[in-house]
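Notes to accompany the following structure.
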Amino acid sequence: MSAFHPHNRRMAGAGAVVALTGLLLSGCGTETAPGAGKPSASASRTAGAFNDADVAFAQAMIPHHQQALEMARLADGRAEDAGVKKIVADVEKAQDPEIRTMKAWLTAWGKPEAPATHGGGHGGGGHSMAGMMSEQDMKDLAALRGRAFDRKFAELMIAHHEGAVDMAETERKNGRDATARKLADDVVRTQSAEIAELKEILGRL
């Protein structure tokens with residue numbers, strides 16, 4: 001009967017609590033253990049928080065940014081205006097890293113870089129996307145030099161940026177992923193400012 005003494009029951013209860021606490025702690029340890037094949041915190045957050053609008057934004061903005069970089073590269077040896085050269089440098093500094101960021105999102109989301117319904121990418125028919133230049137627009141720009149280049153570049157880049165701002169505004173309204181919406185905020189802010197600069201450049205050319 002001494003085995004059921006109250007003191008003994010209390011000791012047994014305490015032992016059970018210790019054992020249960022150990023199990024809970026070991027369970028928590030398994031969840032937070034580094035490595036173990038788990039995705040990074042940012043990848044987990046992104047993979048669990050995106051929607052179709054986020055995917056569409058990244059898939060459309062990647063080729064849009066790529067064309068802006070193509071336009072910027074044409075300025076080398078053709079642009080004359082200091083303001084145009086500054087915009088070119090700003091575009092190259094901002095948009096190349098953003099392309100890499102958006103490609104990483106799509107990889108984390110298990111989505112292709114181009115929508116399945118637009119198998120051709122932006123080549124050739126890319127001008128159907130908001131603000132995108134046609135192949136002929138790009139050829140015409142490449143044929144110009146000096147002041148004529150600067151003016152045409154400013155006109156085309158204003159339209160190109162306006163298309164990007166429209167796409168980013170759509171993402172801000174409809175997107176779910178916080179990081180994608182933050183990038184959309186950045187696009188609206190920076191490219192709206194560049195549009196104002198380009199319009200000022202056009203006014204004095």
Side-chain angles (χ1 to χ4, degrees), residues 54 56-107 112-115 118-172 175 179-205:
D54 298 319
F57 173 67
Q59 289 175 332
M61 196 61 83
I62 288 170
H64 206 273
H65 273 21
Q66 287 171 334
Q67 189 179 68
L69 291 175
E70 290 170 17
M71 294 170 70
R73 282 192 287 270
L74 289 177
D76 187 23
R78 295 181 176 88
E80 185 177 276
D81 185 86
V84 168
K85 291 179 179 180
K86 175 187 177 297
I87 293 291
V88 166
D90 290 344
V91 166
E92 291 175 335
K93 181 180 179 181
Q95 299 198 22
D96 189 49
E98 288 177 352
I99 288 170
R100 292 196 297 271
T101 295
M102 290 183 286
K103 286 183 176 182
W105 294 345
L106 292 171
T107 298
E113 284 185 21
H118 298 167
H122 76 285
H127 59 281
S128 63
M129 190 185 299
M132 289 285 277
M133 303 301 106
S134 67
E135 196 171 320
Q136 189 60 51
D137 288 331
M138 298 296 285
K139 287 179 180 178
D140 291 346
L141 182 62
L144 301 174
R145 296 288 187 282
R147 188 183 182 90
F149 175 89
D150 293 337
R151 185 167 188 83
K152 187 68 172 176
F153 177 88
E155 290 172 350
L156 294 178
M157 193 60 85
I158 286 170
H160 200 269
H161 275 16
E162 287 174 342
V165 169
D166 286 346
M167 292 158 60
E169 291 282 16
T170 299
E171 167 62 14
R172 293 206 302 185
T179 307
R181 292 176 66 187
K182 171 63 169 61
L183 190 146
D185 287 339
D186 292 343
V187 167
V188 171
R189 186 185 69 255
T190 60
Q191 298 203 21
S192 293
E194 287 173 1
I195 288 169
E197 289 182 56
L198 287 162
K199 286 181 176 178
E200 186 179 321
I201 290 167
L202 272 180
R204 58 179 165 74
L205 284 175

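Keep in mind it's a predicted model, so treat the numbers as computed, not measured.
- Applying the side-chain hydrogen bond (donor to acceptor under 3.5 Å, both in side chains) rule to Lys199 yields no partners; only residues at least two apart in sequence or on another chain are considered.
- Listed by chain and residue number, nothing satisfies the side-chain hydrogen bond (donor to acceptor under 3.5 Å, both in side chains) test with Glu113 (two or more places apart in sequence, or in another chain).
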**OP:** Given side-chain contact (heavy atoms from CB on, under 4.5 Å), test Thr179 with Trp105 step by step and report yes or no.
**Re:** CA-CA 9 Å; Thr179 307; Trp105 294 345; 3.8 Å; yes
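- A salt bridge does not link Asp185 with Arg181: none of the charged nitrogens is closer than 4.0 Å to a carboxylate oxygen.
- Distance check: Met71 CE to Glu92 CD gives 12.5 Å after rounding to the nearest 0.5 Å.
- Atom NZ of residue Lys86 and atom CG of residue Leu198 lie 9.5 Å apart, to the nearest 0.5 angstrom.
- By the salt bridge (charged side-chain N to carboxylate O under 4.0 Å, His left out) test, Glu200 is found to be paired with no residue, residues two or more places apart in sequence or in another chain being considered.
- Taking all atoms of both residues into account, the shortest heavy-atom contact from Gln59 to Pro115 is OE1-CG, 3.5 Å.
- Taking Glu98 as the reference, His65 meet the side-chain hydrogen bond (donor to acceptor under 3.5 Å, both in side chains) condition, with sequence neighbours excluded.
- The distance from the CZ atom of Arg172 to the CG atom of Leu183 is 11.5 Å, given to the nearest 0.5 Å.
- Val187 and Ala168 get closest at one heavy-atom pair: CG1-CB, 3.8 Å.
- Between Ala72 and Val88, the shortest heavy-atom contact is O-CG1, 3.6 Å.
- Atom CE of Met102 is separated from atom CE of Met61 by 6.5 Å, given to the nearest 0.5 angstrom.
- Checking side-chain atoms of Asp90 against main-chain N and O of Ile87 turns up no donor-acceptor pair under 3.5 Å.
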Donor-acceptor contacts, no H, no angles, side chain residues 142-154, under 3.5 Å, sequence neighbours left out:
from	atom 1	to	atom 2	distance (Å)
Arg145	NH1	Ala142	O	3.1
Arg147	NH2	Leu205	O	3.2
Asp150	OD1	Glu80	N	3.0
Asp150	OD2	Glu80	N	3.2
Asp150	OD2	Asp81	N	2.7
Arg151	NH1	Leu202	O	3.2

Which donor-acceptor pairs under 3.5 Å do side chains of residues 159-167 form with protein atoms, sequence neighbours excluded?
from	atom 1	to	atom 2	distance (Å)
His160	NE2	His64	O	3.3
His160	NE2	Gln67	OE1	3.2
His161	ND1	Gln191	OE1	3.1
His161	NE2	Glu194	OE1	2.5

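- Considering CG of Leu106 and OG1 of Thr101, their distance stands at 11.0 Å, rounded to 0.5 Å.
- Here CG of Leu141 is found 5.5 Å from CG of Leu156. Values are rounded to the nearest 0.5 Å.
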